[in-house]
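Notes follow once the structure below has been shown.
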Amino acid sequence: MYTKITFPILAAPIQIAHQDTLYTCGSCFAEELTNRLKTYKFKVHEHPFGIVFNPLSIASQLQHIINQRYYSLDDLVFNDGLYHSLDHHSAYSNADKSIVLESINPPLESAFNALASGNVCVITFGSAHYYRDTNNLQIAANCHKLPASHFEKKRAQIDEILEAMKAVFAQLKKINKDIKIILTVSPVRYFKDGIIENNRSKAVLHLCCEELCNVFDFVSYFPAYEIFMDDLRDYRYVKEDLVHPNKMAIDYIWTYFEKSYLSSSTHQAIHELDQFHKLLHHKILNKRADSFPVFLQKLDTSLKALQVRFPEFDFTTEKLFIENIQNEH
């Protein structure tokens with residue numbers, strides 16, 4: 001008798017090594033994947049617009065990068081004492097409009113360089129729903145809590161998304177003939193849209209991913225949504241909001257990504273880094289105990305051993321973490 005459905009490990013068309021450079025963009029699941037890749041010392045360039053959920057905004061933002069189309073004061077909106085860009089996350093908002101422009105324009109060049117010279121671009125679609133500014137018809141990646149009357153909410157049609165993404169993928173291939181694209185659909189469900197409407201939105205995204213993989217031989221699909229929904233069918237794997245995957249779920253989905261997309265040469269490094277991070281984050285109950293200096297020495301020795309084993313990796317974050325523990329002592 002079967003006790004659960006176990007998703008099969010898929011044979012990915014590409015293998016990613018530590019020598020490769022990745023570009024990540026999309027929903028908060030893309031952020032989870034980015035953090036995990038950085039933990040394991042992969043070279044990752046993050047999308048300079050912040051978290052974005054709908055494919056039409058992703059396509060527009062990538063067009064900005066490819067065409068090096070910079071933002072001006074006319075592109076900003078003012079609300080509640082702050083200037084915002086409807087294309088960007090609220091982390092870029094500021095009371096000084098010049099600071100906003102100084103923070104959103106320079107990263108466009110480095111993002112272009114990353115896309116033009118990198119190996120892999122990972123794009124996570126979150127929702128087919130989007131908000132269009134009723135004044136200038138711009139699609140907003142972030143509404144920044146502007147009045148609802150400023151926007152019209154719509155669900156993008158399959159043809160709409162395909163037209164936008166096909167154009168962007170073709171341009172990416174022109175600037176980087178070796179680029180590979182991995183598509184995912186975020187396992188986060190958007191229940192504010194309603195359960196039925198969320199499922200319709202996800203269906204649109206899945207059909208778009210299928211078509212894009214069929215059209216472009218350099219595009220593949222990683223089934224994060226399916227692993228979460230059909231393999232991890234248990235509320236033990238969600239956070240308190242009953243929507244976002246918790247750490248246990250992200251760990252599980254990462255295992256599939258690692259086995260599918262990461263080359264065998266990376267697995268030993270990931271294992272050793274895992275062992276070190278478990279030691280690094282070991283909970284210290286009593287820093288006055290005689291065993292604490294011994295623990296610090298073990299940390300230092302382990303880090304030095306990793307630096308010798310993997311001289312190409314940057315361990316600055318780990319060094320600072322150990323220094324903070326030492327200073328607290």
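Values below: every heavy atom of this structure, side chains too, minus hydrogens, waters and symmetry copies.
Between the side chain of Thr134 and the backbone N or O of His150, at least one donor-acceptor pair lies under 3.5 Å. Here the side chain of Ser103 pairs a donor or acceptor atom with the backbone of Val100 at under 3.5 angstrom. Between the side chain of Asn142 and the backbone N or O of His144 there is at least one donor-acceptor pair closer than 3.5 Å. Side chain of Tyr252 to main chain of Phe228: no donor-acceptor pair is present (N/O by atom type, distance under 3.5 Å, no hydrogens or angles). Listed for the Ser201 side chain is no donor-acceptor partner under 3.5 Å among the backbone atoms of Glu197. Listed for the Asn105 side chain is a donor-acceptor partner under 3.5 Å among the backbone atoms of Tyr71. Proximity of a side-chain donor or acceptor of His89 to a complementary backbone N or O of Ala91 within less than 3.5 Å is detected. Between the side chain of Ser60 and the main chain of Leu56, no donor-acceptor pair closer than 3.5 Å is present. Using modelled atom types, one side-chain atom of Gln68 and one backbone atom of Ile65 make a donor-acceptor pair closer than 3.5 Å. At least one donor-acceptor pair closer than 3.5 Å links the side chain of Gln157 to the backbone N or O of Arg155.
Look at Asp193 and Lys153 and you find a salt bridge, because one of the NZ, NE, NH1 or NH2 atoms lies within 4.0 Å of a carboxylate O, short of that distance. Looking at Glu312 and Lys41, no side-chain N of the basic residue comes within less than 4.0 Å of a carboxylate O on the acidic one, giving no salt bridge. Using a cut-off of 4.0 Å between Lys/Arg side-chain N and Asp/Glu carboxylate O, Asp251 and Arg36 are scored as salt-bridged. Salt bridge annotation for Glu102-Lys97: absent, with no cationic side-chain nitrogen under 4.0 angstrom from a carboxylate oxygen.
Applying side chain to side chain contact (heavy atoms under 4.5 Å, CB included) to Asn119 and the options Leu22, Ile16, Ile14, Thr21 leaves one that passes, Thr21. Checked options Asp75, Leu86, Val77; the residue passing with Gln138 is Leu86 (criterion: side chain to side chain contact (heavy atoms under 4.5 Å, CB included)).
If you look at Tyr225 and His206, their ring centroids are closer than 6.0 Å. In this structure, His64 has its ring center no closer than 6.0 Å to that of Tyr70. Proximity of the aromatic rings of Tyr190 and His129 is defined here by a centroid distance below 6.0 angstrom, and this criterion is not met.
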| Could you walk me through whether Phe78 and His84 pass the ring pair (Phe, Tyr, Trp, His ring centres under 6.0 Å) check? | CA-CA 6 Å; Phe78 185 76; His84 312 273; 8.0 Å; no

| task | Check step by step if side-chain contact (heavy atoms from CB on, under 4.5 Å) holds for Ile253 and Phe29. | result | CA-CA 11 Å; Ile253 296 170; Phe29 180 72; 3.8 Å; yes

| request: Decide yes or no on side-chain contact (heavy atoms from CB on, under 4.5 Å) for His267 and His271, but give the supporting numbers first. | output: CA-CA 6 Å; His267 294 171; His271 173 72; over 6 Å; no

| message | What verdict does the side-chain contact (heavy atoms from CB on, under 4.5 Å) test give for Asn54 and Ile58, after you've listed the backbone C-alpha separation in whole Å, the side-chain angles of each residue and the deciding distance to 0.1 Å? | response | CA-CA 7 Å; Asn54 78 82; Ile58 291 173; over 6 Å; no

| request: May I have the step-by-step check of side-chain contact (heavy atoms from CB on, under 4.5 Å) for Leu299 and Phe276, ending in yes or no? | output: CA-CA 8 Å; Leu299 271 182; Phe276 175 71; 4.2 Å; yes

| request: Apply the test ring pair (Phe, Tyr, Trp, His ring centres under 6.0 Å) to residues Phe218 and Phe216: give CA-CA distance (whole Å), side-chain angles for both, the deciding distance (0.1 Å), then the verdict. | output: CA-CA 5 Å; Phe218 57 91; Phe216 300 102; 5.3 Å; yes

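Using a 4.5 Å heavy-atom threshold, the side chains of Ile158 and Leu162 count as touching. The shortest distance between side-chain heavy atoms of Phe53 and Val188 does not fall below 4.5 Å. Between Phe257 and Thr184, every side-chain heavy-atom pair lies at or beyond the 4.5 Å cut-off. Taking 4.5 Å as the limit, every side-chain heavy atom of Ile181 sits out of range of all side-chain heavy atoms of Val120. The closest side-chain heavy-atom distance from Leu262 to Gln15 is not below 4.5 Å. Side-chain contact between Ile104 and Leu101 is present, with at least one heavy-atom pair separated by less than 4.5 Å. Contact annotation: the side chain of Thr24 never approaches that of Glu31 to less than 4.5 Å [non-hydrogen atoms, C-beta and beyond]. Taking 4.5 Å as the limit, some side-chain heavy atom of Ser220 sits within range of a side-chain heavy atom of Tyr261.
Remark: Leu320 CG is packed, more than 12 non-hydrogen atoms of other residues, nucleotides or ligands lying under 6.0 Å away. Crowding of Asp96 atom CG: a count of heavy atoms from other residues, nucleotides or ligands under 6.0 Å exceeding 12. For Ile195, the CD1 atom sits in a loose shell: 12 or fewer heavy atoms of surrounding residues, nucleotides or ligands are nearer than 6.0 Å. Counting non-hydrogen atoms of other residues, nucleotides and ligands closer than 6.0 Å to CD of Glu163 gives a total of 12 or fewer.
Ile99 and Leu108 are assigned to two separate hydrophobic clusters, defined by single-linkage of ILVMFWY side chains at heavy-atom distances under 4.5 Å. Side-chain heavy atoms closer than 4.5 Å link hydrophobic residues (I, L, V, M, F, W, Y) into clusters, and following such links, even through other members, never connects Leu82 to Leu146. Residues Tyr92 and Leu73 are members of one and the same hydrophobic cluster, defined by side-chain heavy-atom contacts under 4.5 angstrom among Ile, Leu, Val, Met, Phe, Trp and Tyr. Tyr131 and Ile51 sit in two unconnected hydrophobic clusters of ILVMFWY residues. Membership requires side-chain heavy atoms under 4.5 Å apart, directly or through other members.
Side-chain atoms of His18 and Thr266 include no donor-acceptor pair closer than 3.5 Å. There is no side-chain donor-acceptor pair under 3.5 Å between Asn113 and Ser110. Donor-acceptor pairing under 3.5 Å is lacking for the side chains of Ser27 and Thr124. Checked by atom type, the side-chain pair Asp314/Thr316 shows a donor-acceptor distance below 3.5 Å. With 3.5 Å as the limit, one finds no donor-acceptor pair spanning the side chains of His88 and Gln61.
Within the model, atoms OH of Tyr83 and CG of Asn94 stand 10.5 Å from one another, a figure rounded to the nearest 0.5 Å. Atoms CG and CG, on Asn136 and Asp133 in that order, are 4.0 Å from each other to the nearest 0.5 Å. Between Ile322 atom CD1 and Lys319 atom NZ the span is 9.5 Å, to the nearest 0.5 Å. One distance of note links CG of Leu207 with NZ of Lys202; it measures 13.5 Å at 0.5 Å rounding.
When all heavy atoms are compared, the tightest approach of Cys143 to Phe151 is CB-CE1, 3.8 Å. Contact detail for Cys209 and Tyr221: the closest heavy-atom pair is CB-CD1, 3.8 Å. The shortest non-hydrogen separation linking Leu172 to Ile179 is O-CG2, 4.1 Å. The shortest heavy-atom contact between Val308 and Pro311 is O-CD, 3.5 Å. Taking every heavy atom of both residues into account, Tyr23 and Pro48 meet most closely at OH-CD, 3.2 Å. Scanning all heavy atoms of the two residues, the minimum distance from Ile161 to Pro55 falls at CG2-CB, 3.7 Å.
Using a 30° and 60° split on the angle between ring planes, His277 and His281 fall in the parallel class, below 30°.
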